[in-house]
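Comments concern the structure below.
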Amino acid sequence: LDPLRSLLHSISSGLSVKELSDMKFLCGDRIGKGRLDKAQDGLRFFDILIERQEITRDNLELLKELLQHIKRRDLLSQVVQFEEGEPHAPHDQPDEHEKPVAVMCDHVGREWKRLMRELGLSEVKLERIEEAYPRRLYEQLVQALREWQKWKGKDAKASDLIRALRSCRLNFVADKVEE
């Protein structure tokens with residue numbers, strides 16, 4: 001599968017009818033009204049942008065600008081991750097640590113950034129997650145843990161999570177994860 005089309009498919013499935021309409025409006029000066037009217041869904045809209053080379057694998061500026069205008073930071077984050085060469089759809093990644101993640105998300109709370117720093121996640125990634133999921137503490141930790149798992153790959157171990165929890169003095173959570 002073409003990674004760009006896979007990204008655009010993922011973004012398209014996340015757009016509401018109003019958001020698509022807003023994006024089409026914003027492109028009114030680039031694409032004729034007749035062509036825009038034919039784009040009844042996100043996939044058709046993105047096809048037009050690809051045809052006109054407004055969106056290419058190496059140039060996603062217009063897409064990022066559109067997503068920023070419609071205030072979809074979560075989708076914008078997928079585009080940025082794609083540009084950095086990372087998987088763009090964290091929901092498609094298998095979650096090998098499902099139970100520890102659920103326990104941690106239920107109990108870590110506001111200490112999630114401290115924990116993720118202890119695990120070695122960069123400040124840039126932490127800020128990007130925080131921006132993509134404002135005021136959604138649970139989701140911030142879920143996404144941060146997924147980032148850590150993608151970064152570590154097969155080396156992502158529950159024992160590392162427990163060690164980091166204990167290092168952050170989150171012993172109650174560490175005990176729960178060990179159970």
Side-chain angles (χ1 to χ4, degrees), residues 1-99 101-102 104-105 112 116 121-122 124-156:
L1 294 176
D2 176 16
L4 176 59
R5 288 197 174 271
S6 179
L7 170 70
L8 295 174
H9 181 270
S10 176
I11 290 171
S12 175
S13 65
L15 292 173
S16 71
V17 173
K18 182 185 180 336
E19 289 167 336
L20 175 62
S21 177
D22 290 348
M23 289 174 75
K24 287 167 48 175
F25 172 80
L26 291 168
C27 288
D29 61 335
R30 295 173 183 260
I31 303 168
K33 183 173 173 15
R35 297 241 21 222
L36 283 176
D37 287 343
K38 291 180 182 175
Q40 295 299 313
D41 59 32
L43 296 176
R44 309 261 185 300
F45 175 65
F46 292 140
D47 268 341
I48 292 169
L49 292 176
I50 289 171
E51 277 177 30
R52 301 179 59 88
Q53 296 204 345
E54 298 283 349
I55 293 177
T56 66
R57 181 168 173 69
D58 299 321
N59 182 6
L60 298 171
E61 294 308 310
L62 175 63
L63 179 59
K64 292 192 300 188
E65 195 176 319
L66 291 171
L67 293 172
Q68 195 164 10
H69 275 288
I70 64 169
K71 295 178 176 46
R72 286 300 303 269
R73 290 185 178 143
D74 57 330
L75 299 177
L76 178 59
S77 174
Q78 286 185 21
V79 176
V80 171
Q81 287 177 338
F82 176 84
E83 287 179 321
E84 293 174 352
E86 298 176 13
H88 65 273
H91 302 291
D92 295 342
Q93 300 297 318
D95 194 350
E96 297 172 8
H97 303 24
E98 197 170 305
K99 287 182 183 177
V101 168
M104 290 172 67
C105 290
W112 75 272
M116 298 317 295
L121 222 58
S122 72
V124 172
K125 287 190 189 244
L126 296 177
E127 288 171 15
R128 188 177 303 130
I129 291 166
E130 199 168 32
E131 271 186 34
Y133 302 94
R135 296 180 299 282
R136 291 173 53 199
L137 199 56
Y138 187 95
E139 192 61 29
Q140 289 171 350
L141 179 56
V142 168
Q143 295 304 322
L145 287 167
R146 285 185 175 155
E147 281 292 325
W148 175 75
Q149 284 179 280
K150 283 191 294 186
W151 174 54
K152 287 298 227 178
K154 293 178 181 174
D155 294 331

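- Residues passing the salt bridge (Lys or Arg N to Asp or Glu O under 4.0 Å) test with Arg57, sequence neighbours excluded: none.
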(Q) One pair to check against salt bridge (charged side-chain N to carboxylate O under 4.0 Å, His left out): Arg128 and Glu147. What are the steps and the verdict? (A) CA-CA 11 Å; Arg128 188 177 303 130; Glu147 281 292 325; 5.9 Å; no
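- When the side-chain hydrogen bond (donor to acceptor under 3.5 Å, both in side chains) test is applied to Arg30, the partners found at least two apart in sequence or on another chain are Glu54.
- Within the 4.5 Å cutoff, the side chain of Leu63 has heavy atoms near those of the Ile11 side chain.
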Q: Applying side chain to side chain contact (heavy atoms under 4.5 Å, CB included), run through Leu145 and Met116 and close with a yes or a no.
A: CA-CA 8 Å; Leu145 287 167; Met116 298 317 295; 3.9 Å; yes
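- Evaluation of the side chain to side chain contact (heavy atoms under 4.5 Å, CB included) rule for His69 yields Leu26, Glu65 as partners, not counting sequence neighbours.
- Judged purely by atom type and a 3.5 angstrom limit, Lys24 uses its side chain to pair as donor or acceptor with the backbone of Ala39.
- Using a 4.0 Å cut-off between charged nitrogen and carboxylate oxygen, Lys71 and Glu19 do not count as a salt-bridge pair.
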Q: Could you please spell out the steps behind the side chain to side chain contact (heavy atoms under 4.5 Å, CB included) verdict for Lys125 and Ser122?
A: CA-CA 5 Å; Lys125 287 190 189 244; Ser122 72; 3.4 Å; yes
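- A salt bridge is absent between Glu130 and Arg73: the closest approach of a Lys/Arg side-chain nitrogen to an acidic carboxylate oxygen does not fall below 4.0 angstrom.
- Between Leu66 and Arg72, every side-chain heavy-atom pair lies at or beyond the 4.5 Å cut-off.
- In this structure, OG1 in Thr56 is found 11.5 Å from CG in Leu49, a value given to the nearest 0.5 Å.
- Rounded to the nearest 0.5 Å, atoms CG (Asn59) and NZ (Lys64) are 8.5 Å apart.
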Q: Output, in order, the C-alpha distance, side-chain angles, deciding distance and verdict of side chain to side chain contact (heavy atoms under 4.5 Å, CB included) for Ile70 and Leu75.
A: CA-CA 10 Å; Ile70 64 169; Leu75 299 177; 5.6 Å; no
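- In this structure a side-chain-to-backbone donor-acceptor pair under 3.5 Å is present from Ser13 to Ser10.
- Asp37 and Arg35 are not joined by a salt bridge, as no carboxylate oxygen comes within less than 4.0 angstrom of a charged side-chain nitrogen.
- Interatomic distance, Phe45 CZ to Leu15 CG, rounded to the nearest 0.5 Å: 9.0 Å.
- Within the 4.5 Å cutoff, the side chain of Arg5 has heavy atoms near those of the Ile50 side chain.
- The line from CD of Glu83 to CG of Leu7 is 9.0 Å long, rounded to the nearest 0.5 Å.
- When side chains are defined from C-beta on, Leu60 counts as touching Leu4, because their heavy atoms get closer than 4.5 Å.
- Here Asp47 does not pair with Arg44 in a salt bridge; the nearest charged N to carboxylate O distance is not below 4.0 Å.
- Between the CG atom of Leu137 and the CH2 atom of Trp112 there is a distance of 8.0 Å, given to the nearest 0.5 Å.
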Q.
The test is side chain to side chain contact (heavy atoms under 4.5 Å, CB included); show your working for Leu20 and Phe25 and say whether it passes.
A. CA-CA 9 Å; Leu20 175 62; Phe25 172 80; over 6 Å; no
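- Summarising the geometry, atom CG belonging to Leu141 is positioned 11.0 Å from atom CZ belonging to Arg146; distances are rounded to the nearest 0.5 Å.
- For the pair Ser77 and Tyr133, the minimum side-chain heavy-atom distance is 4.5 Å or more.
- Contact between Leu121 and Ala144 at its shortest, heavy atoms only, is CD2-O, 3.6 Å.
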